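Okay, structure first, notes after.
No hydrogens, no waters, no symmetry mates; every other heavy atom, side chains included, goes into these values. Throughout, protein chains are lettered first and strands after them, A, B, ... in sequence-line order, and every chain is numbered starting at 1. What you are looking at is a predicted structure, and each value in this text was computed from that prediction instead of being measured.
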Amino acid sequence: MALSRLNCFSSRSANLLKTLSSAISLRRPISTDTTPIIVETSVPFTSHQCEAPSRSVETNPKELLTFFRDMALMRRMEIAADSLYKAKLIRGFCHLYDGQEAVAVGMEAAITKKDCIITAYRDHCTFVARGGTLLEVFAELMGRQAGCSRGKGGSMHFYKKDSNFYGGHGIVGAQVPLGCGLAFAQKYSKDENVSFALYGDGAANQGQLFEALNISALWDLPAILVCENNHYGMGTAEWRAAKSPAYYKRGDYVPGLKVDGMDALAVKQACKFAKEHALKNGPIILEMDTYRYHGHSMSDPGSTYRTRDEISGVRQERDPIERIRKLILSHDLATEKDLKDIEKEVRKEVDDAIAQAKESPMPEPSELFTNVYVKGLGVESFGADRKEVRATLP
Amino acid sequence: MLAIIRQTVSNGASRNRPAFYASRSYSAAVKEMTVREALNSALDEEMSADPKVFLIGEEVGEYQGAYKISKGLLEKYGLERVRDTPITEAGFAGIGVGAAYYGLRPVVEFMTFNFSMQAIDHIINSAAKSNYMSAGQLSVPIVFRGPNGAAAGVGAQHSQCYASWYGSCPGLKVLVPYSSEDARGLLKAAIRDPDPVVFLENELLYGESFPVSEEALDSEFCLPIGKAKIEREGKDVTIIAFSKMVGYALKAADMLAKEAISVEVINLRSIRPLDRATINASVRKTNRLVTVEEGFPQNGVGAEICASVVEESFGFLDAPVERIAAADVPMPYAANLERMAVPQVEDMVRAAKRTCYRSV
């Protein structure tokens, strides 16, 4: 993924490349070793209406180190966002993903940038996994021009169409029919690719999800619905919201797989399996058993509806980064110092990106009126006092 | 004169006329087309021209369309491009928007716009706002179409006009065809437009026949979005209407002409963008305005037109702006009450006379 970031040429790439190239010279070269290693997932997969894939996952040193680095980057990024929010540099909503990183990196390892991903508002890490830069993330969070949506979207509205990342949606559940629409378009266009529509345990009860699933099954769409079950829909525990919290079974006639979402290799295996399935047989549901360390958003301490013991327990037993660290060390792929160095580098990358993002200016006032339409037809638009502020939409 | 025309045609391409004109056979009768045929031909031509255009909705395929608008399309374009959906508006509207994100050009039919409320989140939050929120990354070239407003005797839940609701939302284009030319030109323009379009038809207009020009029959014929049409020129009072009400306004104009009141009738064609320029130019000419709509009065299209005129042309008004709209009640079923709940020609005549200080 770090390499793919170099390949992401956006119109803002000039400054980015400068930052990246200086970062590269400081960075320890990642192992290019692709000797296969077989690792067993933490727990076997549980399946519904299908045969579960094997617990044995093929990986290699390069992939494991990339997982480690990418997840460490995401973790650092989210924690930095927490500080920026408390410093009031980020406003409004900020939903952090720390704890759930394995889902983003594991999925990416199983697919290509031609496959589509769409998710809800907890989208920072998914955006980065798809090739988005740290600068784009922090600048967008702070509402600056260098942001991925030029400061006009905010935390919940990150997009990267050139990597087939379709956002970034604030309305719970809406992204699922949209994701099935992406799958429809892929099939219509005869692209041999799939779409992943991510949603939470809270969204899993939405009616439109079942409407979209029904149509996807009827029309054999290559749609993969991924429930990131972090067990709490805002402050409501899954057992208080769902009569049946076995989300991988909720597709009824649609097969499902339950996956340890804290195990990046299990996620990779499941996504690989799901992609093969969806291309041949239509929709499938993946339930990722995962956990968020932060509350629902920065406005939620996250400790009124769950105990601190529970949170620290998961961090102790199931942290995705620690799992990969242990794996790397036990296979002698790198030393503890190597990994600590990576974490230091990553921390610096994040700090540098934040510093750069802070330099980025706020959008020009004229940006208030841009992108309302693709084709504005020379129509007039108005500010709050229409006699004072008017604009022509190009 | 007919003989002269025939001669010119048979001499090959005359003057600067393109070849296809020469191949048409001219007759004294003007070509007539129902709105239904107009919409059907527009869909057919756009689907033929662009393989990315597809149609989804309830009964659009095998049933030939609940109102037969999509008649023959399944047979011609196949199951891939004309898809019957289950009765799940939120689901299929969302799927349509997702397909548009990817680059296809969906036409999503709502059996009536009353059912669009089930999918309104996708129309507004997933479609209308996406280009803005993504700073131009995600464009949504989708058309949501179907009958809007009152039919006859269908009761409260099946009779609402959504022009003002959708018209208030930035990022959407909202079109309201009246005649067959409107239907053809605006639907073709809507399908070709890169932005989300809400295309509000009218069930009672589907069967109505209108003359269509040669130009309108051309497969490249599009009407500009955001431009109103002056259906009838006048100098004493302007009546602005859209969709079915345009026909009523024209009838009102006929009646008023008998009393020496010259009415200018404007067919809006587009709620968003609203053609403020044409509206204000007309009011500056006639100095009097009556707005007509089928929808509920409060926060309606007429209110917006009135505000625009007050802001831009206050000094030109010789009388307060009059609004004719549906009664401020849910649509009743009984025929006499229904008649009272929907604007009638007499209402427009009376309002126009009020602006002219004529006693009623």
Side-chain angles (χ1 to χ4, degrees), chain A residues 116 118 147-154 156-162 164 166-171 174-186 188-189 195 197 207-216 218-219 221 367 370-381 386-387 393, chain B residues 51-52 54 56 79-81 83 85-104 106 118-119 121-122 124-126 128-141 170-173 193-196 224-227 272-277 308 311:
Chain A
C116 301
I118 192 170
C148 54
S149 301
R150 298 217 300 273
K152 305 230 290 194
M156 299 184 288
H157 304 298
F158 287 11
Y159 305 89
K160 196 163 169 59
K161 183 146 185 210
D162 57 17
N164 283 303
Y166 292 87
H169 293 271
I171 307 297
Q175 74 276 18
V176 178
L178 294 172
C180 294
L182 293 170
F184 174 90
Q186 287 174 313
Y188 188 100
S189 311
S195 291
Q208 58 183 319
L209 189 155
F210 296 96
E211 293 187 15
L213 197 60
N214 176 46
I215 292 178
S216 301
L218 270 172
W219 297 353
L221 302 182
E367 281 269 28
T370 57
N371 309 120
V372 175
Y373 292 128
V374 172
K375 202 164 156 198
L377 306 167
V379 164
E380 261 199 320
S381 186
R386 56 210 287 142
K387 301 240 159 125
L393 303 182
Chain B
K52 294 204 170 103
F54 67 95
I56 59 172
L79 289 163
E80 282 288 301
R81 299 183 67 192
R83 298 251 185 174
T85 63
I87 307 172
T88 53
E89 278 78 5
F92 71 72
I95 283 176
V97 177
Y101 283 174
Y102 196 77
L104 297 186
Q118 310 239 294
D121 176 59
H122 283 298
I124 308 297
N125 282 322
S126 304
K129 298 177 184 173
S130 283
N131 197 248
Y132 192 83
M133 291 193 299
S134 69
Q137 278 192 70
L138 246 48
S139 69
V140 192
L172 279 185
K173 291 171 177 164
D193 196 278
D195 293 305
I225 289 177
K227 293 272 173 280
R272 180 176 268 269
L274 189 64
D275 191 350
R276 296 169 204 279
S308 177
E311 282 159 1

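With hydrogens and angles ignored, the 3.5 Å screen pairs a side-chain donor or acceptor of A:K161 with a backbone N or O of B:Y101. A donor-acceptor contact shorter than 3.5 Å is absent between the side chain of B:S134 and the backbone of A:Y159.
Residue contact with chain A, scored on non-hydrogen atoms closer than 4.5 Å, is absent for B:P141. Residue A:V379 touches chain B through its side chain alone, counting heavy-atom pairs closer than 4.5 Å. If you measure heavy-atom distances from A:I171 to chain B, the contacts under 4.5 Å come from the side chain alone. Both the backbone and the side chain of B:K173 come within less than 4.5 Å of a heavy atom in chain A. Only the side chain of A:S189 comes within less than 4.5 Å of a heavy atom of chain B; its backbone N, CA, C and O stay farther away. In this structure, chain B has no heavy atom under 4.5 Å from any part of A:L213. Residue contact with chain A, scored on non-hydrogen atoms closer than 4.5 Å, involves the backbone of B:L172 exclusively. The parts of B:N131 that come within reach of chain A are both its backbone and its side chain, each placing non-hydrogen atoms under 4.5 angstrom from that chain. The contact between A:H157 and chain B is made by backbone and side chain atoms together, counting heavy-atom distances below 4.5 Å. Proximity to chain A is absent for every atom of B:I124, based on heavy atoms less than 4.5 angstrom apart.
In terms of non-hydrogen atom pairs under 4.5 Å with chain A, the most contact-rich of B:L138, B:I87, B:V97 is B:L138. Of the listed residues (A:L221, A:L377, A:N214), the greatest number of heavy-atom pairs within a distance under 4.5 Å of chain B belongs to A:L377. No other option in A:N164, A:V176, A:I215, A:L209 has as many heavy-atom pairs under 4.5 Å with chain B as A:I215. Options B:P224, B:S126, B:P106, B:P170 differ in how many heavy-atom pairs under 4.5 Å they form with chain A, and the most are formed by B:S126. When B:A135, B:G96, B:A277 are compared by the number of non-hydrogen pairs under 4.5 Å with chain A, B:A135 comes out ahead. Ranked by heavy-atom pairs under 4.5 Å with chain B, the first of A:G153, A:A212, A:A174, A:C180 is A:A174.
Between A:Y373 and B:I225 there is no side-chain heavy-atom pair separated by less than 4.5 Å. At least one side-chain heavy atom of A:K375 sits less than 4.5 Å from a side-chain heavy atom of B:D195.
Under the 30°/60° scheme for interplanar angles, the aromatic rings of A:Y188 and B:F54 are found to be tilted.
Residues passing the side chain to side chain donor-acceptor pair (under 3.5 Å) test with A:T370, sequence neighbours excluded: A:K152, A:E367. Evaluation of the side chain to side chain donor-acceptor pair (under 3.5 Å) rule for A:E211 yields no partner, not counting sequence neighbours.
Between the side chains of B:Q137 and A:S149, no donor-acceptor pair of N or O atoms lies under 3.5 Å. In this structure, a donor-acceptor pair under 3.5 Å is present between the side chains of B:H122 and A:Q208.
Ion pairing between A:R386 and B:E311 holds under the 4.0 Å rule for side-chain N and carboxylate O.
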